[in-house]
Amino acid sequence: MSVPKLRALLASPTAPAQTAAEELRQTYDWVPLDEAEEVVALGGDGFMLQTLHAMLERRRLLPVFGMNLGTVGFLMNDWGLDGLTQRLERARPFRVAPLAMTATTVEGETCVLPAINEASLLRETRQTAKLEVTINGRIVIPELVCDGILVATPAGSTAYNFSAQGPILPLGSALLALTPISPFRPRRWRGAILPEKTRIDIRVLEADKRPVSAVADQREIREVCSVHVEIDRMRDLTLLFDPEHALDDRITMEQFIA
């Protein structure tokens, strides 16, 4: 007979999540996060991202089983009080490799941030951004005039990337989406699908006149002059899902939702 795993319970500060957390605390046994082998997270996709980023910062990566008490809940399972132990024992793991975004500001400061969904560059003022795009050391677009550009993982391809008319990438496809945001020149370029091992460098042209910020999921660096993005295979994250949830199937089916 298998030994039950030690599990920690985390909840977003919203009323529904806090109420659900209290019900779970009265029904199941939990341990502090530092002692846990798995995590149950209550909230929406935003709280799931916060939980994963917190683990990346602490450098202690645990499997996370999310239950949706937010709005969309794409990265979450359905909420349910009963049979949680059995659900956790049957859960399927999905590994997600984050991006590593290295941003350098116009003042010469460098910051490295992880991005689970996407790393994006966005214009800060009314003026369009002018960006030079380099792939694996080769300049492929000398000047992209746009509102911005983003690099999305398969897990994040249904979020901001899809809203910007980028492609949906199947989970496990080992691909990245490079998607422009409101491109003006070149007019016909709508992005690229790249192998996950690709090294992507974006240089901000006229950075003083046309300031650009870099955003890794929910964290922003202002007034950058260059950004380097690549996959970080050294810090794979594990999400747990009910067998019938099938995250990979949900990502595929997003392409057919009107």
Side-chain angles (χ1 to χ4, degrees), residues 1-98 113-118 153-156 158-160 162-163 171 215-220 235-251 253-254 257:
M1 186 174 181
S2 61
V3 178
K5 291 187 177 180
L6 300 176
R7 299 182 174 106
L9 179 64
L10 302 177
S12 77
T14 63
Q18 289 296 313
T19 299
E22 185 58 33
E23 293 177 345
L24 287 174
R25 290 188 184 101
Q26 295 175 6
T27 308
Y28 301 96
D29 294 326
W30 306 96
V31 300
L33 184 59
D34 290 342
E35 301 174 14
E37 300 171 90
E38 290 181 347
V39 173
V40 173
L42 308 179
D45 287 338
F47 185 69
M48 173 62 82
L49 289 177
Q50 291 177 28
T51 300
L52 296 174
H53 276 284
M55 289 197 300
L56 287 169
E57 290 178 1
R58 295 173 60 148
R59 298 185 181 276
R60 186 165 184 262
L61 307 181
L62 302 174
V64 183
F65 184 90
M67 286 198 284
N68 186 32
L69 287 154
T71 304
V72 179
F74 194 83
L75 299 174
M76 315 297 275
N77 298 278
D78 292 335
W79 156 250
L81 179 65
D82 299 328
L84 180 58
T85 301
Q86 291 73 26
R87 290 174 67 186
L88 289 166
E89 291 173 351
R90 295 173 53 242
R92 295 172 57 198
F94 282 87
R95 293 193 177 277
V96 177
L113 295 174
I116 298 162
N117 273 357
E118 75 275 323
T153 65
T158 59
Y160 189 12
F162 191 47
S163 297
L171 201 67
V215 183
D217 287 341
Q218 301 157 335
R219 297 181 62 183
E220 181 183 31
R235 298 197 289 175
D236 277 5
L237 298 161
T238 302
L239 304 181
L240 300 175
F241 291 98
D242 292 317
E244 60 273 14
H245 180 94
L247 179 62
D248 46 355
D249 184 60
R250 285 191 66 183
I251 288 177
M253 296 310 296
E254 280 289 308
I257 296 177

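Reckoned from all heavy atoms, side chains included, excluding hydrogens, waters and symmetry mates.
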Side chains of L42 and M76: does their closest heavy-atom pair fall under 4.5 Å? no
Heavy-atom side-chain contact between F65 and R87 under 4.5 Å: yes
Quick check: do V40 and W30 have side-chain heavy atoms less than 4.5 Å from each other? yes
Within 6.0 angstrom of R95 CZ, more than 12 heavy atoms from elsewhere: no
Closest non-hydrogen contact found for G156 with N117 is CA-OD1, 3.4 Å
Which of these passes side chain to side chain contact (heavy atoms under 4.5 Å, CB included) with D217: L49, L113, L52? L49
Any donor and acceptor pair, going by atom type alone, linking the side chain of N77 with main-chain N or O of N68 inside 3.5 Å? no
Grab the two heavy atoms, one from A36 and one from R7, that are nearest each other, plus how far apart they are. CB-C, 4.1 Å
Counting neighbours of CZ on R235 that are heavy atoms of other residues, nucleotides or ligands and sit closer than 6.0 Å, is the number greater than 12? yes
Would you mind reporting whether T238 and L61 have side-chain heavy atoms less than 4.5 Å apart? no
Any donor-acceptor N/O pair, D45 side chain to F74 backbone, under 3.5 Å: yes
Taking all non-hydrogen atoms of both residues, which atom of E35 and which atom of L6 are closest, and how far apart? O-CD1, 3.6 Å
What are the two closest heavy atoms between S12 and G43, and how far apart are they? OG-CA, 4.0 Å
Is the closest side-chain donor-acceptor distance between Q18 and E22 under 3.5 Å? no
As an exercise, state the distance from CG of L10 to CE of M48, rounded to the nearest 0.5 Å. 10.0 Å
Stepwise, does the side-chain contact (heavy atoms from CB on, under 4.5 Å) test hold for D34 with R58? CA-CA 10 Å; D34 290 342; R58 295 173 60 148; 2.2 Å; yes
Report yes if the side chains of V64 and L240 come closer than 4.5 Å at any heavy-atom pair, otherwise no. no
N/O donor-acceptor pair under 3.5 Å between E37 side chain and K5 backbone: no
Distance from D29 atom CG to R25 atom CZ, nearest 0.5 Å? 13.0 Å
Heavy-atom pair of closest approach, residues T153 and A115: CG2-O, 4.4 Å
Measure the shortest side-chain to side-chain distance between L24 and M67 over non-hydrogen atoms and say whether it is less than 4.5 angstrom. yes
A20 and L69 have their tightest heavy-atom pair at CB-CD1, 3.4 Å
With side chains defined as the heavy atoms from C-beta onward, is the minimum distance between L81 and T27 less than 4.5 Å? yes
Between Q218 and Q50, is there a side-chain heavy-atom distance shorter than 4.5 Å? yes
I'd like to know if the side chain of Y28 reaches the main chain of L84, judged simply by a donor and an acceptor atom lying under 3.5 Å from each other, with no hydrogens or angles considered. yes
